[in-house]
Amino acid sequence: MVDTNAARPVRVRFAPSPTGDLHIGGIRTAQFNWMFARRYGGKFILRIEDTDQKRTKEASLNGILEGLRWAGLNWDEGPDIGGPYGPYIQSERIDLYQHWAVWLIDHDLAYRAYETSEELESMSKGHKGYDRRGRSLTREDWARLDAEGRPYVVRFKVPLTGETTFTDMVRGPITTRNDTLQDAIILKSDGWPTYHLAHIVDDHLMEISHVIRAEEWIPSTPLHTLIYGAFGWEMPQIAHVPVILAADSGGKISKRKHPEAAISYFWKNGYLPEAVTNYLCNVGWNYGLTDENGEEMQVFSKEDAAKIFDITRVTGSGTKFDMVKLTWLNGVYIRNMDALELAKHLRPVLEAAGFEVNLDVLLQVVPLIRERIKTLNEIVETAGFFFAEDFTTPSADALIPKKMNAAQTAEALQRARAIMAALTDASPHAAEEPLRVLAEEMGLKPGQLFGAIRVAVTGQAVSPPLFESIAIIGETTTLARMDRAIEALSESSVETR
RNA sequence: GCCCCUAUCGUCUAGAGGCCUAGGACGCGGCCCUCUCAAGGCUGAAACUCGGGUUCGAAUCCCGAUAGGGGCACCA
């Protein structure tokens with residue numbers, strides 16, 4: 001079903017409007033377009049649809065570019081780099097849309113309508129919609145109303161009978177009765193076009209061959225088919241990808257209710273772009289290649305996915321966004337990352353949390369934590385203690401293991417400290433065997449003793465492996481922290497827990 | 001209300017009429033490993049929405065019901 005005749009080179013586009021952060025669904029749509037272009041050796045074009053002056057925000061353009069760059073979805077033509085079909089920002093193409101709106105009017109395919117928004121509102125009570133009264137106006141009427149200073153919009157003249165069919169690359173043919181369609185506004189009273197006109201003029205002029213967009217456009221595609229027909233232009237092949245649903249409500253994922261709907265959420269929360277794009281490949285589409293065990297591969301790059309991407313194999317049903325699976329994938333990418341590269345990703349996170357980070361120390365820490373964090377941000381609570389200048393001595397309550405009391409814990413730490421201080425062997429596990437012997441002498445389980453030391457030295461009940469951690473922290477600091485823990489215990493009156 | 005789309009484990013999906021005793025992944029349970037937590041290994045529970053057809057044979061094709069989602073702006 002994918003017709004990629006050489007007669008029409010593959011040119012696809014992503015056309016967001018600059019009204020805020022890029023949406024996760026937008027990124028997925030962009031990514032499918034990107035993969036489609038790469039699959040067929042075509043061009044991926046970025047176009048900005050800012051024809052709504054009220055909603056357009058100045059800063060949003062940069063946000064869009066930032067989001068796409070972060071995801072690694074590089075474009076071949078766009079507002080920042082130009083190209084042979086520019087400009088790529090609709091607000092700079094207004095005269096084009098006005099020209100073609102007039103052309104439609106001159107060919108009796110569109111007409112002027114003078115109703116105000118208020119009039120339309122009362123008209124659409126009961127969901128009836130516009131009653132097409134503008135169709136009966138003559139050019140003389142227009143002149144009179146213009147003289148009265150009344151503004152008008154331009155509406156497309158939808159055929160009153162018959163039906164319209166278009167073929168969706170993922171869903172097959174879709175047919176709609178024309179009498180269920182509205183005479184949609186294509187040019188607003190401020191002279192700016194609506195989406196329906198602007199995107200068609202642009203897609204045609206930019207020689208877009210395939211349109212891959214979100215599912216919510218399906219109901220207006222018959223209208224678009226009719227407009228292409230009115231112009232006598234060849235319509236691009238079209239595919240609608242399913243909406244991304246919220247895991248909880250099942251409705252469209254929204255930036256208002258779901259922070260993860262904005263793409264900036266992911267870099268702010270320690271996700272890797274490779275993990276996000278990898279995840280998005282399997283939302284509505286399926287990579288499907290199997291590994292040596294015959295099981296479907298879960299981890300792959302968008303570049304590899306692009307080699308076999310098939311838009312006709314995209315699912316037609318809505319898909320829920322599974323943050324848990326994405327987070328798992330992110331952990332996989334963290335585990336597989338080169339140690340130095342991971343350290344470079346981790347350093348700014350720690351620094352942002354107020355730690356002073358020595359890269360050599362961090363490189364020692366990385367092997368201990370790489371399979372213990374799923375997001376970069378988790379490094380702070382997992383390994384912050386390695387870098388804490390002002391280490392807070394844990395409370396006695398935190399220090400005392402289960403089934404032990406303050407005196408017992410203090411004694412255990414005291415004796416452990418003596419053993420550790422007397423060691424001549426510098427290898428990380430040199431203290432382990434003597435400490436196990438100590439635990440046995442004191443009638444403790446190794447876990448109790450090690451637990452007490454862990455809290456004393458790391459300040460946490462859960463930490464990376466104890467002896468490797470101590471080796472990084474260093475003997476001086478370790479013994480000092482144990483001393484302070486013993487001191488805290490001696491001042492405590494906590495009984496057996 | 002009207003129009004449109006969709007329907008396989010909780011979630012993402014495989015399945016292109018017999019390869020289906022419905023496969024994989026995440027998540028969940030158990031066991032192993034183990035100084036905590038992870039990671040890893042083994043293992044378990046878990047789905048074809050329902051009803052009619054078509055066919056020798058239906059998860060797969062058709063129709064209907066139901067359910068979910070989307071759309072009906074001088075937003076895109």
Side-chain angles (χ1 to χ4, degrees), chain A residues 15-19 49-52 54-56 113 115-117 120-121 124 126-129 151-155 168 170-171 174-177 179-182 184-196 198-199 213-222 240 242-243 245 247 250-252 279 282-288 290-291 293-299 313 315-329 331-332 335 368-374 382 401 432 435-436 439 445-451 453-455 458 460-467:
Chain A
S17 44
T19 55
E49 309 214 323
D50 59 345
T51 57
D52 185 348
K54 288 188 280 292
R55 290 206 314 164
T56 294
E115 292 74 26
T116 63
S117 300
L120 291 172
E121 206 166 310
S124 59
H127 301 276
K128 287 244 170 54
Y152 65 87
V153 299
V154 177
R155 288 180 180 270
D168 187 296
V170 340
R171 290 154 223 269
I174 295 176
T175 300
T176 310
R177 290 209 326 268
D179 61 17
T180 66
L181 268 23
Q182 302 267 325
I185 293 173
I186 57 176
L187 206 67
K188 300 180 256 187
S189 57
D190 62 6
W192 289 52
T194 61
Y195 173 83
H196 303 303
H199 93 275
R213 64 180 13 168
E215 188 185 354
E216 46 260 48
W217 290 111
I218 292 178
S220 50
T221 304
H240 291 97
V243 287
L245 274 14
K252 266 207 293 190
Y279 172 74
N282 273 336
V283 177
W285 185 66
N286 183 246
Y287 186 57
T290 53
D291 60 20
N293 299 321
E295 293 175 347
E296 284 178 14
M297 294 174 68
Q298 305 294 325
V299 184
R313 301 283 293 163
T315 180
S317 55
T319 49
K320 286 190 180 176
F321 188 76
D322 187 351
M323 198 64 183
V324 176
K325 185 158 186 180
L326 203 196
T327 304
W328 167 78
L329 248 187
V332 171
R335 270 172 257 145
L368 300 189
I369 53 80
R370 70 179 334 152
E371 65 265 0
R372 270 170 255 264
I373 58 174
K374 288 195 172 76
T382 304
E432 184 170 352
L435 288 176
R436 284 181 188 279
K445 292 189 170 174
Q448 290 175 298
L449 210 215
F450 294 159
I453 300 173
R454 182 191 316 283
V455 175
T458 71
Q460 307 171 179
V462 172
S463 83
L466 184 58
F467 298 105

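All of these numbers come straight from a predicted model, not from anything done at the bench. In what follows, chains carry the letters A, B, and so on, assigned in the order in which the sequence lines appear, proteins first and then strands, with residues in each chain numbered from 1. Only this structure's heavy atoms are used, side chains among them; waters, hydrogens and symmetry mates stay out.
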### Query
Can you give one letter per nucleotide of nucleotides 12-18 of chain B, 5' to 3': B if a protein heavy atom sits under 4.0 Å from the base, S if only from the sugar-phosphate, - if neither?
BSSSB--

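Pairing of B:rC35, defined by two Watson-Crick or G-U wobble distances under 3.5 Å, is not identified with any nucleotide. Partner assigned to B:rG51 is B:rC63, using Watson-Crick or G-U wobble distances below 3.5 angstrom. Base-pair partner of B:rG10: B:rC26 (Watson-Crick or G-U wobble, both distances under 3.5 Å). With a 3.5 Å ceiling on both atom-pair distances, the Watson-Crick or G-U wobble partner of B:rG68 is B:rC5. Base pairing analysis places B:rC56 opposite B:rG18; the two distances defining the Watson-Crick or G-U wobble pair are each below 3.5 Å.
The nearest whole Å value for the distance from the CD1 atom in A:Ile218 to the P atom in B:rC72 is 13 Å. Note: NZ (A:Lys252) to C1' (B:rG70) measures 7 Å, nearest angstrom. A:Arg55 places its CZ atom 6 Å from the C1' atom of B:rA76, with the value rounded to the nearest Å. At whole-Å resolution of the value, CD in A:Glu49 and C1' in B:rC74 are 17 Å apart. Rounded to a whole Å, the CZ atom of A:Arg171 is 13 Å from the C1' atom of B:rG71. In this structure, A:Asp168 places its CG atom 12 Å from C1' of B:rU6, rounding to the nearest Å. Regarding A:Arg177, its CZ atom lies at a distance of 7 Å from the P atom of B:rC3, rounded to whole Å. Separating the CD atom of A:Glu432 from the P atom of B:rU36 is a distance of 11 Å, rounded to the nearest angstrom.
Residue A:Leu326 is classed as having no contact, given no heavy-atom separation below 4.0 Å to the nucleic acid. As judged by a 4.0 angstrom heavy-atom cut-off over every strand, A:Ser17 is placed among residues touching the sugar-phosphate backbone only. When heavy atoms are screened at a 4.0 angstrom cut-off, A:Trp192 is found touching no nucleic acid atom at all. Nucleic acid contact for A:Gly451: none, since no nucleic acid atom lies under 4.0 Å from a heavy atom of the residue. Nucleic acid contact class of A:Val243 (heavy atoms, under 4.0 Å, all strands): sugar-phosphate only. The residue A:Thr51 sits close only to the backbone: its heavy atoms come under 4.0 Å of sugar-phosphate atoms, none of a base. Using a 4.0 Å heavy-atom distance criterion, A:Lys445 is classed as making no nucleic acid contact. Across all strands shown, A:Pro222 has no heavy atoms under 4.0 Å from either base or sugar-phosphate atoms.
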### Task
Would you check, one step at a time, whether the test side chain to side chain donor-acceptor pair (under 3.5 Å) holds for A:Arg372 with A:Thr382?
CA-CA 8 Å; A:Arg372 270 170 255 264; A:Thr382 304; over 6 Å; no

#### Entry: A:Asp190 and A:Lys188: CA distance, side-chain angles, deciding distance, salt bridge (charged side-chain N to carboxylate O under 4.0 Å, His left out) verdict
CA-CA 5 Å; A:Asp190 62 6; A:Lys188 300 180 256 187; 5.1 Å; no

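Distance check on atom P: B:rA16 versus B:rA7 gives 16 Å, rounded to whole Å. Only the C1' atoms considered, B:rU13 is 12 Å distant from B:rA47, to the nearest whole Å. Comparing the C1' positions of B:rG70 and B:rC63 gives an interatomic distance of 24 Å, to the nearest angstrom. With both ends at atom C1', the span from B:rU8 to B:rU49 equals 10 Å, rounded to whole Å. The P atoms of B:rG69 and B:rC12 are separated by 13 Å, rounded to the nearest whole Å. Comparing the C1' positions of B:rA73 and B:rG17 gives a spacing of 46 Å, expressed to the nearest Å. Using atom P as the reference point in both B:rU60 and B:rA25, the two lie 26 Å apart (nearest Å). Atom C1' of B:rC35 sits at a distance of 24 Å from the matching atom of B:rC42, rounded to the whole Å.
Salt-bridge formation is not detected for the pair A:Lys325/A:Asp322: no Lys NZ or Arg NE/NH1/NH2 atom is positioned less than 4.0 Å from an Asp or Glu carboxylate oxygen.
Here CE of A:Met297 is found 6.5 Å from CG of A:Asp291. Values are rounded to the nearest 0.5 Å. Expressed to the nearest 0.5 Å, how far NE2 of A:His199 lies from OG1 of A:Thr194 amounts to 10.0 Å. A:Thr19 OG1 to A:Asp50 CG: the interatomic distance, rounded to the nearest 0.5 Å, is 10.5 Å. In this structure, A:Arg171 CZ and A:Thr315 OG1 are separated by 8.0 Å, a value rounded to the nearest 0.5 Å.
Listed candidates were B:rU36, B:rC35, B:rA76. Nearest to the side chain of A:Thr194 is B:rA76. For A:Ser117, taking side-chain heavy atoms from C-beta onward, the closest of the listed nucleotides B:rC4, B:rC74, B:rG70 is B:rC74. For A:Lys374, the side-chain atoms get nearest to B:rA38 when compared with the rest of B:rA76, B:rC72, B:rA38. You'll find that the side chain of A:Phe467 is closest to B:rC35, out of B:rA25, B:rC35, B:rG71. When distances run from any side-chain atom of A:Arg372 to the nucleotides B:rA76, B:rG69, B:rU36, the shortest one goes to B:rU36. Nearest nucleotide to the A:Leu466 side chain, out of B:rG27, B:rC74, B:rC35: B:rC35.
Residues that satisfy the side chain to side chain donor-acceptor pair (under 3.5 Å) test with A:His240, not counting sequence neighbours, are A:Asp168, A:Arg213, A:Thr221.
Proximity of A:Lys188 to the phosphate of B:rA73: no side-chain N or O atom is located under 4.0 Å from OP1 or OP2. Proximity of A:Arg335 to the phosphate of B:rG40: a side-chain N or O atom is located under 4.0 Å from OP1 or OP2.
Proximity of A:Asn282 to A:Gln298: side-chain heavy atoms (C-beta onward) are separated by under 4.5 Å at one or more points.
Where A:Ser463 and A:Trp328 each meet RNA chain B at their nearest nucleotide, the meeting point lying more 5' is that of A:Trp328. For the pair A:Pro464 and A:Leu187, both in contact range of RNA chain B, the more 5′-proximal nearest nucleotide belongs to A:Pro464.
Side-chain atoms of A:Tyr195 never come within 3.5 Å of backbone atoms of A:Glu49 as a donor-acceptor pair (strictly under, hydrogens ignored). The backbone N or O of A:Ala184 lies less than 3.5 Å from no partner atom in the side chain of A:Gln182, so there is not a single donor-acceptor pair.
Taking 3.5 Å as the limit, the base of B:rC74 and the side chain of A:Ser189 contain a donor-acceptor pair of atoms between them.
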